Each structure stands twice: as structure tokens, then as C-alpha cells.
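Notes for the one structure printed next.
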Amino acid sequence: MDPMKFSQRVLDWFDAHGRKQLPWKENPTPYRVWVSEIMLQQTQVATVIPYYERFMVRFPDIRALADAEQDEVLRLWAGLGYYARARYLHQAAQILHERYDSQMPLDIAALQELPGIGRSTAGAILALAAGQRQPILDGNVKRLLARFKAVDGWPGQSRVQAALWELAEHFMPVQRIADYTQAVMDLGAIVCIPHQPHCEICPLVEDCVAFAQKRQADFPAPKPRRELPVRAIQMLLVRTDNNEVLLERRPPAGIWGGLWSFPECPIGVDVADWCRERLGLTVTVEPPWGVMRHGFSHFHLDITPVPVMVAEPSSIVMEEEGFVWYNEGYSASRGMAAPVRRLLAVLVNKIV
DNA sequence: AAAACGGGGGG
DNA sequence: CCCCCAGTTTT
């Protein structure tokens, strides 16, 4: 299909049916587009909007984000998941502040140097905020192109990915690149959806190879799956008779990096001994709660919550950095992963 | 309860 | 290149 015809159909559809009321589309500066693209990598539009608006009120520009404490950035991100992305965003803002006078360089190579920005995100920023002719290849576009040209194979394979980039470049128009970029993403998100796509209203249906072969469901090929291993840990719900609960900040990288969580003790280790040695606390160990299974992309985590009561009067002060005695009212002030927040909510309910 | 989903960093 | 990274939404 002629690229001009392809983009014209996509743009005509967009003019009639595209989403135009999104917060990041009003005043689409490079910074605002960047933040929206990072949030949208992991979460659907409807969920992102309130997070995006809160984030923009608190961090209206790169300077504000660069000056913030990581803790506060993570707090506003908490619940969105993929916390490494929030850390990269924050790091990148600091780099921009130091090296680029708090401006985003409107250059594809310079953008890709920044942590958390790859080819597709860099392309989206430049196309949407600067009108540069750059291709994008997010999940929506991958699916649309894979179907349109019946591209076989899982897009995680570099050969397949390269073929899709080739197509993305091929179909890019010369005019209205910002609208086109938004349009292909919207078309993938609204019409060419993962299951039971709405081919009957698709502007590209006449020339879609997958549709012609009635093989829409075959593209893109799914990621080959593997059995997920299971890890198990104990989370210690350490509380005092003042109803304070001990939280520990997790190491800066890795799972839930930089977020607040309960102290973790390996399965099989004696909890009272562990508390004495690692926390300097004498505790009374109570019966464990039922196991909570938490799914990650590479393993399952079986969490055994073990409530323990600090045996001594609660005058204990942890001087060590990275610990905090939580009490009610702190809830909004710490970034916590979802299962930790759920556990804490249950615990607070019990002790109130 | 299980499966689907996405883009980028790092080895 | 392939593997690692998380949590919400959908089935």
C-alpha cells in the first residue's frame, strides 16, 4: 500500500474519531509529552490521567522534577508500578538540569542517551512535541503493523522488531506528523485492539493482510512462555503497643527499589532471632497469616506475613537511616508497592 | 486463579 | 542477542 494512502486514511480516521481531550495534548511540550509517554508505557489512559495531573501540578517542569527528592517522586508514582521508570525519569531530569539547562534536546540521539528513553519514546517526544519526522513503535503500533502486513514472529526477537521499525518508517507521512503519531497509537488502542479487533470500522481494513486471511488473532505472535519460579519470604509486621509499625526502605535498585516495605526475613530463619540480630529488637512472635502470592513477570513471590509485637516499651528509636516507625496519617507520605499497602491496610484495620 | 500486557536497561 | 524488571486489567 502506498504510504501516502495509509497515512491519509489514518489521519482521516483520527480527525473523526481520535482522542483529543487528553491532558498531555493540551500544551504538548517535550517535557509533558515525555512524562505522559513514560506513564503510558505501563498503564492505560484512564488510569494514567489522575496520576499525570497530580504529577504535573507538583512537577510542572524539568527543574521542579530535578530538584525533588526521589522519595517524593516515588510517592507520586506509587500504584503505577514499574518504579525503575520513575527513578529513570527523575535521574534524566537531573541530567537535563545539569547538562542542558533544564531543556530537552530536540535530537533523537541525545534523547536516547537519557535513562528510560529508548528509540520509540524519543521518537514520540520529537514527533508529538516538535513535529519532527520520527517513527514510533509502541505496543499499539506494533500490533497494528504486524496485522496489516502479517508480520510473523514475536516482536521481542530482533529480526521481527527490525521489520516492524522498517514498516513504521515506511508509512510515516511528511505532513501532520504529530497528528499521525497520535493517530496510529489511538487506532491501535481503540480499533486494532489485542482481542477481537473492530475491523468493521477500521480505515485500513481493505488492505489489511491479516484481515484478508482472517488471521487477526495470529499477530503479533505471543511471547514464548516459561514456567515461572516461586520465591518465598516472610514479611515482618513489627508493631509496638503504641500501634506503630516498622517500615524499611528497600535498596535503591531491584524489586520495588527505593520504596518502603516491611522488613523481610528469609523463610526458615527464626523470626525472634532475626529481629534481635538485624533490628536490635526483642519481640514476641505471633502466628503467621496466610500466604499471599504476588505475581511478577519472572517469578511468583509467596509472602508469609508474620506479625510480631515489640516486647519492650515503645521508647525505641531507630537511629538508622532507612527505617521509619509508621503510624496512621503517614499513609500518603511514603511510596509503597501495592501488596505492601494492602498488608498495611489490613494490619492498621486490626490494631485500630 | 490464570493470562495478557510493554518498553527499556544490562549482561 | 536474550534476559530482567511489576502490577493492573482482563478472561
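Chain A is the first sequence line, chain B the second, and so forth, proteins listed ahead of strands; every chain is numbered from 1. Only heavy atoms go into these numbers, but all of them, side chains included; no hydrogens, no water, no symmetry mates. No experiment lies behind these values; they were computed from the predicted model shown.
Look at CD1 on I125(A): it is 14 Å from P on dG7(B), rounded to the nearest Å. The separation between L40(A) atom CG and dT9(C) atom P is 14 Å, rounded to whole Å. When rounded to the nearest whole Å, the span between CZ of R87(A) and P of dG8(B) equals 17 Å. To the nearest angstrom, P of dA6(C) lies 15 Å from CZ of R341(A). Following rounding to the nearest Å, R293(A) (CZ) and dA3(B) (C1') show an atom-to-atom distance of 14 Å. Taking atom CG of residue L114(A) and atom C1' of nucleotide dG10(B), one finds them 17 Å apart after rounding to whole Å. One atom, CD1 of I136(A), and another, P of dG6(B), lie 13 Å apart when rounded to the nearest Å. Taking atom CE of residue M39(A) and atom P of nucleotide dG6(B), one finds them 18 Å apart after rounding to whole Å.
The side-chain tip of K20(A) points at the ring of F14(A) from less than 6.0 angstrom away and within 45° of straight on. Geometrically, R85(A) does not engage W77(A) in a cation-pi contact defined by less than 6.0 Å to the ring centre and at most 45° from the axis. A cation-pi arrangement is found for K350(A) relative to W289(A), the charged atom lying closer than 6.0 Å to the ring centre and inside a 45° cone about the ring normal.
Of the side-chain N and O atoms in K142(A), one or more sit less than 4.0 angstrom from OP1 or OP2 of dG7(B).
When heavy atoms are screened at a 4.0 angstrom cut-off, A338(A) is found touching the sugar-phosphate backbone but no base atom. Using a 4.0 Å heavy-atom cutoff across all strands shown, L80(A) reaches no nucleic acid atom at all. Note on L259(A): nothing from the nucleic acid sits closer than 4.0 angstrom, heavy atoms only. Within 4.0 Å (heavy atoms only), T43(A) reaches no atom of the nucleic acid at all. Using a 4.0 Å heavy-atom criterion, one finds that I38(A) contacts no nucleic acid atom at all. Residue contacts shown for P115(A) are limited to sugar-phosphate atoms, with no base heavy atom under 4.0 Å away.
Of the candidate nucleotides dG7(B), dT9(C), dC5(B), dT9(C) has the atom lying nearest to any side-chain atom of Q44(A). Checking dG10(B), dG7(B), dT9(C) against every side-chain atom of Y88(A), the shortest atom distance belongs to dG10(B). The side chain of H195(A) lies closest to dA4(B), out of dG8(B), dA4(B), dA6(C).
Of the C1' atoms belonging to dG9(B) and dT8(C), the separation is 23 Å, rounded to the nearest Å. With C1' as the reference atom, dG8(B) and dT9(C) are 22 Å apart, rounded to whole Å.
With hydrogens and angles left out, the side chain of Y82(A) and the base of dG6(B) share a donor-acceptor pair within 3.5 Å. Taking only distance into account, the side chain of R85(A) meets the base of dG7(B) through a donor-acceptor pair shorter than 3.5 Å.
Looking at D71(A) and R75(A), no side-chain N of the basic residue comes within less than 4.0 Å of a carboxylate O on the acidic one, giving no salt bridge.
If you look at F171(A) and Y180(A), their ring centroids are not closer than 6.0 Å.
Between the T43(A) side chain and the L40(A) main chain, no donor and acceptor come within less than 3.5 Å of each other.
dG6(B) makes up no base pair with any nucleotide shown, lacking Watson-Crick or G-U wobble contacts both under 3.5 Å.
Nearer the 5' end of DNA chain C, as judged by each residue's closest nucleotide, is the contact made by S158(A), out of I255(A) and S158(A). Nearest-nucleotide positions on DNA chain B for T121(A) and P222(A) put P222(A) closer to the 5' end. Nearest-nucleotide positions on DNA chain C place R159(A) closer to the 5' end than the other of K223(A) and R159(A).
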